[in-house]
Structure formats: C-alpha cells, structure tokens
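Here the structure comes first, spelled out in structure tokens, and everything after it is commentary.
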Amino acid sequence: MSERMNYALKEEIRAYWSARAESFDQSVGHAIKSDAELAAWRRVLGDALGQHPLSVLDLACGTGEVTRALLAAGHRVTAIDFSEAMIAKARAKHGAAASIYLCDAERLTEDDERFDALVTRHLVWTLTDPQAAFAEWHRVLKPGGRLVVIDGDWANVSRLGRLMYLLSDLMRAWAGADRHTPPDQLDTHKAILGRLPFGDGLTFQRLSAMLLAAGFSSVRPLDHRPILRAQQRHAPLHDALRLAASRRFALVATR
C-alpha cells in the first residue's frame, strides 16, 4: 500500500471511530457494565501481567474502558487514541488518574524501553501497517516487557456463528431493541475491513508468527473467557448470543 493510500485509509478509519464515539459504550462488549466484569478483567490482566503495579500503555484506548480495568488493578496508565472524540470520552471518565493523549498507535512518540507492558483490545485488525506497528510496540517495551492483545477474526464467521448472529438479530427485532451501530456505519465498517491487511482474517497463529518476526521472544495464549462470560451474564440474550458468535482470541507476547 502506498503512503498516500495508507494515509487516506487511516483518515477514513479515524473518521469512522470518531463517529462511533458517542454511542460506543452502548455496544455489547465495549463498556464494563458490572463489578463481576471488572473483576474478570482484573483476573485476566493478572494472569497476563502479574499482581504488581506496572507502567502500562493502553493502545487505542477508545473511551477508556480498558484503562478503567488497568487503573482498578493498580497500574500506572498512559492511554492513547488517534480519535479526538474518543480521547474526550476517556478523559471525561478518568481525569488525571491516567495520562491520556492523542497519538497514532502505529507511530508512537514515547522513548525506547519506556513501558513495562502494552495492552490493546480490538486494535490489531484495524492496523494499516502491522509490521511497522509491531516494531514500534517492541521498541517502547522494556526488556522482558509484555504485550497483551485481545482481538478476533471479524472477517470469517463459522456456520454456527452465522446462525447465532441471525438468531440475535431476530430476537433483537422481536424485543424492539435498538441497534447501537446504525446501518450506514456497519456498511462503512465492512468497506474498511475489506481494504485492511487483516481484511481476510486475523488469527492467533497468524499474529503470533508476525510478533515473533518483529522480535518478540515468545507468545502464549491468554484465556480471556472470564471477561466474555461476565459480559454475557449481564447482557440481554440477543447480545449474549452475539458475543458468542465471533471468533475471539487473546495472547501475551514477551519482549
């Protein structure tokens, strides 16, 4: 992808997420809705990062929900996003409890070996230049530091997954529940996905190989199911089905 095309696509992605900022927390799985879910986040983060406070960079923080979980676990948090609208939401939630500023997760401004850990949720699939991003993430991590990725394969859905999405849509319509993402934004989402490097699918195996090639010394799966189960327990059935329909995964990579 040429530099000009990359820039144009990135600006389109920025506009898309900025438009979603106002209603982002209403979408299933985005905001932490219960004490049980927050506890699940702390359990998963503890498995990935240990129990001692660390200096952590929240990559593409959005409205600040992963930042919320990191702060609850006692970490010193720096959070970045390239959408001003998302940053405004995150700052409104957390004030001075975290350092929150505008920055592109693919082109970091932090010094080398600055952080003990990096955490990102649902960012990797949006990257326009994954190799450059992974090199940056490796650069700002201290030796032995950890990268936590929670993401999924949003391009490929199993037969069972498609059935669950269909049932979810039917149940939502029967219940008269609103869609949190308007149809025009869904169309934009699909159009963007098809032009991204991971538009054909993001998997644990594919991402692991790329992280190892970028210099990370090891990669292991991370069990994120406690978060998913907590989300499902506090969601309407149609949303619980939707959460179960997609192919999600999580990993920890060590520098």
Side-chain angles (χ1 to χ4, degrees), residues 1-31 58-66 79-90 102-108 118-137 149-158 161-162 164-166 168-169 172 178-207 210-211 214 239 242-243 245-251:
M1 185 183 298
S2 70
E3 185 174 344
R4 179 177 295 182
M5 290 176 63
N6 183 290
Y7 177 80
L9 179 55
K10 190 174 289 290
E11 288 304 301
E12 189 174 339
I13 296 170
R14 189 198 311 273
Y16 169 75
W17 289 115
S18 294
R20 292 199 59 186
E22 190 61 35
S23 61
F24 187 77
D25 286 351
Q26 299 172 25
S27 295
V28 58
H30 287 179
D58 181 1
L59 292 159
C61 67
T63 63
E65 289 299 294
V66 175
I80 64 167
D81 202 281
F82 74 165
S83 164
E84 292 183 357
M86 290 289 192
I87 286 292
K89 292 287 184 183
L102 195 69
C103 183
D104 185 348
E106 296 187 39
R107 292 174 175 81
L108 302 178
L118 275 59
V119 177
T120 178
R121 176 180 67 164
H122 301 174
L123 163 66
V124 173
W125 75 269
T126 73
L127 296 174
T128 60
D129 190 348
Q131 291 87 351
F134 300 154
E136 279 288 271
W137 300 356
V149 175
I150 299 174
D151 220 298
D153 183 352
W154 315 115
N156 302 295
V157 183
S158 67
R162 287 195 292 270
M164 294 173 78
Y165 277 130
L166 176 60
S168 173
D169 288 343
R172 180 186 294 275
D178 293 333
R179 280 189 172 275
H180 300 309
T181 306
D184 61 326
Q185 290 185 356
L186 287 174
D187 291 341
T188 301
H189 180 283
K190 292 177 182 177
I192 289 173
L193 177 61
R195 293 150 57 200
L196 291 168
F198 292 121
D200 58 346
L202 175 64
T203 63
F204 171 86
Q205 293 77 11
R206 184 178 183 184
L207 180 55
M210 294 181 72
L211 291 173
D239 281 341
R242 195 163 194 85
L243 285 167
S246 54
R247 294 173 168 172
R248 301 165 184 262
F249 67 88
L251 61 77

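As the structure is a computational prediction, the values presented were derived from the model and not from experiment.
Residues F204 and R247 have side chains not in contact (no heavy-atom distance under 4.5 Å, counting atoms from C-beta outward). A heavy-atom distance below 4.5 Å is not found between the side chains of Y7 and T128. With contacts defined as side-chain heavy-atom distances shorter than 4.5 Å, the pair N156/D200 does not qualify. Residues W17 and M86 meet the side-chain proximity criterion, which asks for heavy atoms closer than 4.5 Å. When side chains are defined from C-beta on, F198 does not count as touching T126, because their heavy atoms never get closer than 4.5 Å.
D58 places no side-chain N or O within 3.5 Å of a backbone atom of V66 that could act as its donor or acceptor partner. Under the 3.5 Å distance criterion, the side-chain polar atoms of W137 are left unmatched by any main-chain donor or acceptor of E106. Between the D151 side chain and the V124 main chain, a donor and an acceptor come within less than 3.5 Å of each other. Between the E136 side chain and the L108 main chain, a donor and an acceptor come within less than 3.5 Å of each other. Listed for the R206 side chain is a donor-acceptor partner under 3.5 Å among the backbone atoms of G201. S23 places no side-chain N or O within 3.5 Å of a backbone atom of Q26 that could act as its donor or acceptor partner.
R162 approaches V157 most closely through the heavy-atom pair NH1-O, 2.8 Å. Annotation for R172 and D239: closest pair NH2-OD1, 2.6 Å, computed over non-hydrogen atoms. Heavy atoms only, all atoms of each residue included: D81 and A60 are closest at OD2-C, 3.3 Å. Residues I150 and A250 come closest through the heavy atom pair CG1-CB, 3.9 Å. In terms of heavy-atom proximity, I87 sits nearest to C61 at CD1-SG, 4.2 Å. In plain terms, the two heavy atoms of T120 and L59 that are nearest each other are OG1-O, 3.5 Å.
Contact check on D104 versus R14 returns no salt bridge, with no Lys/Arg side-chain nitrogen under 4.0 Å from an Asp/Glu carboxylate oxygen. Ion pair E65/R121 not flagged as a salt bridge, since none of the NZ, NE, NH1 or NH2 atoms sits closer than 4.0 Å to an Asp/Glu carboxylate oxygen. Salt bridge absent: K89 and D25 never bring a charged side-chain N and a carboxylate O closer than 4.0 Å. Electrostatic pairing of D153 and R248 does not count as a salt bridge here, judged by no charged N lying under 4.0 Å from a carboxylate O.
Checked by atom type, the side-chain pair E84/S18 shows no donor-acceptor distance below 3.5 Å.
To the nearest 0.5 Å, the span separating CZ on F82 from CG on L102 amounts to 9.5 Å. Distance check: Y16 OH to S83 OG gives 12.0 Å after rounding to the nearest 0.5 Å. In this structure, the separation between CG on L196 and CG on L9 is 5.5 Å, given to the nearest 0.5 Å.
Atom CD of E11 has more than 12 neighbouring heavy atoms from other residues, nucleotides or ligands inside a 6.0 Å radius. Annotation: E12, atom CD; neighbour count of heavy atoms from other residues, nucleotides and ligands within 6.0 Å is above 12.
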Task: side-chain contact (heavy atoms from CB on, under 4.5 Å) between K10 and R107, intermediate numbers included - done: CA-CA 12 Å; K10 190 174 289 290; R107 292 174 175 81; 3.7 Å; yes
Open item on the list: Checking S246 against M164 for the side-chain contact (heavy atoms from CB on, under 4.5 Å) test, could you report, in this order, the C-alpha distance in whole Å, the side-chain angles of both residues, the deciding distance, and whether it holds?
Closed with: CA-CA 9 Å; S246 54; M164 294 173 78; over 6 Å; no
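Ring centroid separation for the pair W154 and H189 does not come in under the 6.0 Å cut-off.
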